[in-house]
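As structure tokens, the structure follows; a few thoughts come after it.
The sequence lines fix the lettering, A, B, ..., with proteins before strands; numbering per chain opens at 1.
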There are 4 protein chains.
Amino acid sequence: MGSTYGKIFKIATFGESHGAGIGVIVEGCPAGVPFDTDFIQAELTRRKPGQSRITTQRKEADEFEVLSGVFDGVTTGTPIAMLIRNEDQRSKDYSHIAAQFRPSHADYTYQAKYGVRDYRGGGRSSARETAARVAAGALAKLILANEGVKIQAYVSQVGKLKLEASYKELDLNETENNAVRCPDPELAQKMFDYIDGIRKQGDSVGGVVSCVAEGVPAGWGEPVFDKLHAELGKAMLSINAVKGFEYGSGFDGVSMLGSEHNDAFFVGDENVVHTRTNHSGGIQGGISNGEDIYFKVAFKPVATIMQDQESVDQHGDVAIVQGKGRHDPCVVPRAVPIVEAMAALVLVDFYLRNRTSKA
Amino acid sequence: MGSTYGKIFKIATFGESHGAGIGVIVEGCPAGVPFDTDFIQAELTRRKPGQSRITTQRKEADEFEVLSGVFDGVTTGTPIAMLIRNEDQRSKDYSHIAAQFRPSHADYTYQAKYGVRDYRGGGRSSARETAARVAAGALAKLILANEGVKIQAYVSQVGKLKLEASYKELDLNETENNAVRCPDPELAQKMFDYIDGIRKQGDSVGGVVSCVAEGVPAGWGEPVFDKLHAELGKAMLSINAVKGFEYGSGFDGVSMLGSEHNDAFFVGDENVVHTRTNHSGGIQGGISNGEDIYFKVAFKPVATIMQDQESVDQHGDVAIVQGKGRHDPCVVPRAVPIVEAMAALVLVDFYLRNRTSKA
Amino acid sequence: MGSTYGKIFKIATFGESHGAGIGVIVEGCPAGVPFDTDFIQAELTRRKPGQSRITTQRKEADEFEVLSGVFDGVTTGTPIAMLIRNEDQRSKDYSHIAAQFRPSHADYTYQAKYGVRDYRGGGRSSARETAARVAAGALAKLILANEGVKIQAYVSQVGKLKLEASYKELDLNETENNAVRCPDPELAQKMFDYIDGIRKQGDSVGGVVSCVAEGVPAGWGEPVFDKLHAELGKAMLSINAVKGFEYGSGFDGVSMLGSEHNDAFFVGDENVVHTRTNHSGGIQGGISNGEDIYFKVAFKPVATIMQDQESVDQHGDVAIVQGKGRHDPCVVPRAVPIVEAMAALVLVDFYLRNRTSKA
Amino acid sequence: MGSTYGKIFKIATFGESHGAGIGVIVEGCPAGVPFDTDFIQAELTRRKPGQSRITTQRKEADEFEVLSGVFDGVTTGTPIAMLIRNEDQRSKDYSHIAAQFRPSHADYTYQAKYGVRDYRGGGRSSARETAARVAAGALAKLILANEGVKIQAYVSQVGKLKLEASYKELDLNETENNAVRCPDPELAQKMFDYIDGIRKQGDSVGGVVSCVAEGVPAGWGEPVFDKLHAELGKAMLSINAVKGFEYGSGFDGVSMLGSEHNDAFFVGDENVVHTRTNHSGGIQGGISNGEDIYFKVAFKPVATIMQDQESVDQHGDVAIVQGKGRHDPCVVPRAVPIVEAMAALVLVDFYLRNRTSKA
């Protein structure tokens, strides 16, 4: 269990790091959506390994094949299966961990849960699984774009290097112009150099991805458990290496007073209701209010490092896990399209759910 | 949609702030669990209004009635319905907001979504709904206690007053000894005085609730989307007024190096595998590893304040919302049992799901 | 598990025959539906016990209370909880079966599954649970009526007394004019006398309920597993005492040739596509085609009889179960509103699901 | 929606008759199940086209590839994806129906629902989709076999040729010895000749598949909506061309008296409780009682016939649909492994669900 997401626009992903491939079935996609293969491939390319010297050197083209659900260039309303074959699967690189548990990886917990595990490259727990999410998320983006919704994520922190400006002060079109995906070019260069240094040490470091969704109309989200921000939080926390999520005023909002924090309503152009501030992050009572939705996602330093580490093996004996294999010294640059994809999956599901809210 | 939680131990809540009552159906509770009415009532009492002068003065006994699913003192495996009647429903207090949108409440978004709303006390969006969660969560706690799992939450921040010690350095038995539910008695007094001052100003302030679950064995949680921390995050973010969630090293882990952050494994007493540090927060790859699970939940200042505020009404005209009604100047003291209840609901569901993980 | 039905218009029922009461939460009902209390009560009255001398003599008014989800006479989009208190609970009548298993009841299987059971009147397995379905189904009917959909069920067989005419040849308005709910008054009288004779013998007999849904537009239902007739079948088979389901040509269609059975399309009035015959029963490929949907439901003779029966007890010893308690000698007259309610619940769910089928 | 089945052992199928292929993801399969590739392939071979001259002449090897979830010969607990490529896709055969609606097919209803359809061979509505079910069902059978459960289906009627003997009087090992899959060799030959005659006429005919599951222990199934027979009914009705379902005494039970129909309990060998008769079909109150589970499934004559038929086209004009393409003159021989697969999917899900029924 656990490999499906969504209530209406439902995705089911499958695949391991070093198996035959990675894929996804999208069920519940409305019929008649123009299926833009190039766009979906471009999104996969944003996530693929080997983009620059600060990402893993695994070579994967990440080209996808559509197996079903699309006919004459549009979706047909039936399940859309997409498959990405694995190519560069140096499984031998992993034989040393067949019986060892890498610290802060999922080796030990999968073994405890299932009594068996595909140890090659982390198997199902590998972030390679997120390729399937990006493919499905790209389709979700196509639907949302048609509704006027635009989702943009960017790197706002690497280690202690932090972007202080809010998304409103930034030119988010700059994001894709550098390898780090930070919209501030100067800071991006510093981040790049920092990550590159970390890489040379055989170490890793964490970071933060910020994200903003513009154009979401009022009314998306559901009361009580499936609040819009609760689903966003779950979706983000389900991405590999994520440790925290906050939206709107977030943890900083804790020390504000209600009289400062409350977002006063006013009537703006074209008689649309707006709020003067947006500490709510575009969500009130779990439902979008028409303002920008923005949030932050914290990523830990990746567990794979090129250093020897103390551990144990399956027999309960002490083991030294060697630093081998390929890894990202900092995941946040490649996490940007993943965060966007998950945000799109959350939003498109609420968009469709909301079609049933009124008689 | 949105009022159900859980895959096996499923809860469905209902009820509005000023309707007939609040309740919950628990489906999927195993048969044969001794149903400890007193314990469940005690948990409800921890959450009920009117506990001290720093909580809302609404008077509700919050006594619950069991309508089904329990026979001869044990659960029967069939749905357990629990009902809490509303008593102190001064609906007239809310007539002034029948057509106005209170800033940072859910009035506007419910109206946008549904085209109609029960405006009395926020209707379904009121935190009164959490009583139903506490009742169901208490039952979950009873099951977990039998598995050796203990969940304890406490207030770790109010405004800028912050408890710096980790849960390991605190005596959590102190938590229930003061009205703030902070286990550091001195800080608790400062927090109390601070909240009381805020109350007198007719204002509100935010806070943080920390929580630790001890005794969870390795293997709970699911891969990919339903990671243990992702469900915890969703569950916490679904509580009224929550703006952020982090577990283990959280947002601070961002600036650590992998070589510092990784939790080395070792073999401890009775040949049990442990980790030397616990930056993972007891969860690796979304599955518990047997260490303590700990996390933090950020609450914003409550939107209800006793001050006039700029807003609009349903006709799109400017309106001044008056400060009326009863409110909590700071929700975190009463949020402690709610956080525990939601954690219990997440954990009991994974406990039951895990029964199907092996052949 | 098992006490919920529906994907969008979701119902969760609770309650036992001799507990505090029976109830239902309806989640996913669109906001703005006028809540016609009188109609819902009238539907419950059609199902209630004690209607004539051929139904059980248990005395229950079956009056319901709305606990949530309705405000100012309309649904609000939030969960609607309805409660029916039990009144005439002669639990003492059942003390003799506390440790015995009544033949062809659920006593033995519940005990095997749960290790514990509420033996009073069959507990959760009692057909009293269907009152909750009728309440929820009545609400579904109100929504469907607004879409032009009319659902009518009637008794078409009791024992070997069989109504040979099809629904098209009958005046279904006659159905409610007799205690048996058979639209052929002469046959109804024969059925009544037959059932009354069975009752006097302390025995029971089976029957068939037929049902037709008119006005369902083309497009309701889903491909593959959730075909419209598959959900209808599940819904009908979930009613107590049901042993079979067929729609359209049903079991008789088996011996037809394709050239006879195929329903030729033609263009009728107002350019609407129709079929010349309707062996498909209004459903093709699991999706409604705009023709009448019709089906049959077979009910076994009720297991409760007023005769001594061979059985065993919980200790594995031979036992003679005595004929005690109150019972329906033939369930089909009271099953008519239940069949309609379940059909309405299936159809309203597909109506809402279909809102998401096109871009 | 509609392409998933199961709560714990969940399958999601995809694929069209003339697209790239057909496949399935199985989620929730326990880890550690030996994955018997040969057995699964053998089950697919039982269903594949071109088995004899009374089945469709489409040539498909129906070889499957495992894409994920299996490592070192056992399941790993993660999603198992299986893919069957389409080979013999004469899409040109279908160009004549690009704009026409074939009578009693799903062409018209898919068009009405989605506004677009993959017309080649019926697209998603083709029975080719059932290959995916058979693959998943074969895996379910492997798990059930380990629990002592054996599922056997067979043809019991073709047109008016009916097998009167009950499964107890038959040697079900004979089933696979003839092309019709009827365990009575003499009747099988008559059925074969009859179907062959129908084929030569370019017509089709219906039939009945009977099925028995032996070895199911008491306790599988859930109360109320998810009764074991209700899920069996839904699963069977979801198979292409099915019109009816009955279990145990079925429609014939209607005219029995309770005193005849009730299954008296007695204590048999090894102190196991049994029933003297089995009109209940092994299920009481929706839960298995340890006796054999048996049921019947009615299939209509296939809609594809080699004759011209009156119809309409997408523009609402009269059209004559020509008899072209390949088809099965009678589906029941190939339906036997499909019925078994669906029964296995229902049972394995309840087997796993039942692991959570007791504390």
Minimum heavy-atom separation for [X] and [Y], please, with both atom names.
{"X": "C:I11", "Y": "C:A136", "result": "CG2-CB, 3.8 Å"}
{"X": "C:P337", "Y": "C:V134", "result": "O-CG2, 4.2 Å"}
{"X": "B:P34", "Y": "B:V74", "result": "CA-CG1, 4.1 Å"}

Can you tell which of [options] has the highest number of heavy-atom pairs within less than 4.5 Å of chain B?
{"options": "C:I25, C:I8, C:V70", "result": "C:I25"}
{"options": "C:A81, C:G115, C:C29, C:P30", "result": "C:A81"}
{"options": "C:G32, C:G123, C:G69, C:G23", "result": "C:G69"}

Can you list the donor-acceptor atom pairs spanning chain C and chain B that come in under 3.5 angstrom?
{"unit_1": "C:M1", "atom_1": "N", "unit_2": "B:E27", "atom_2": "OE2", "d": "3.4"}
{"unit_1": "C:G2", "atom_1": "N", "unit_2": "B:E27", "atom_2": "OE2", "d": "2.9"}
{"unit_1": "C:S3", "atom_1": "N", "unit_2": "B:E27", "atom_2": "OE2", "d": "2.8"}
{"unit_1": "C:E16", "atom_1": "OE1", "unit_2": "B:G69", "atom_2": "N", "d": "3.1"}
{"unit_1": "C:E16", "atom_1": "OE2", "unit_2": "B:T78", "atom_2": "OG1", "d": "3.0"}
{"unit_1": "C:E27", "atom_1": "OE2", "unit_2": "B:M1", "atom_2": "N", "d": "3.4"}
{"unit_1": "C:E27", "atom_1": "OE2", "unit_2": "B:G2", "atom_2": "N", "d": "2.9"}
{"unit_1": "C:E27", "atom_1": "OE2", "unit_2": "B:S3", "atom_2": "N", "d": "2.8"}
{"unit_1": "C:E65", "atom_1": "OE1", "unit_2": "B:R85", "atom_2": "NH2", "d": "3.0"}
{"unit_1": "C:E65", "atom_1": "OE2", "unit_2": "B:R85", "atom_2": "NH1", "d": "2.8"}
{"unit_1": "C:G69", "atom_1": "N", "unit_2": "B:E16", "atom_2": "OE1", "d": "3.1"}
{"unit_1": "C:T78", "atom_1": "OG1", "unit_2": "B:E16", "atom_2": "OE2", "d": "3.0"}
{"unit_1": "C:R85", "atom_1": "NH1", "unit_2": "B:E65", "atom_2": "OE2", "d": "2.8"}
{"unit_1": "C:R85", "atom_1": "NH2", "unit_2": "B:E65", "atom_2": "OE1", "d": "3.0"}

Checklist entry - Which is it for B:F9 and B:I143 under the side chain to side chain contact (heavy atoms under 4.5 Å, CB included) test, yes or no, and what are the steps along the way? => result CA-CA 11 Å; B:F9 192 97; B:I143 296 168; 3.6 Å; yes

To the nearest 0.5 Å, tell me how far [X] [atom1] sits from [Y] [atom2].
{"X": "C:F14", "Y": "B:I80", "atom1": "CZ", "atom2": "CD1", "answer": "12.5 Å"}
{"X": "B:I22", "Y": "B:L44", "atom1": "CD1", "atom2": "CG", "answer": "11.5 Å"}
{"X": "B:L347", "Y": "B:L228", "atom1": "CG", "atom2": "CG", "answer": "6.0 Å"}

Checklist entry - What's the verdict on side chain to side chain contact (heavy atoms under 4.5 Å, CB included) for C:I40 and C:F35, showing C-alpha distance, side-chain angles and the deciding distance? => result CA-CA 9 Å; C:I40 297 173; C:F35 191 86; 3.5 Å; yes

Item to check | Residue B:L83 versus chain C: region with a heavy atom under 4.5 Å | outcome: side chain

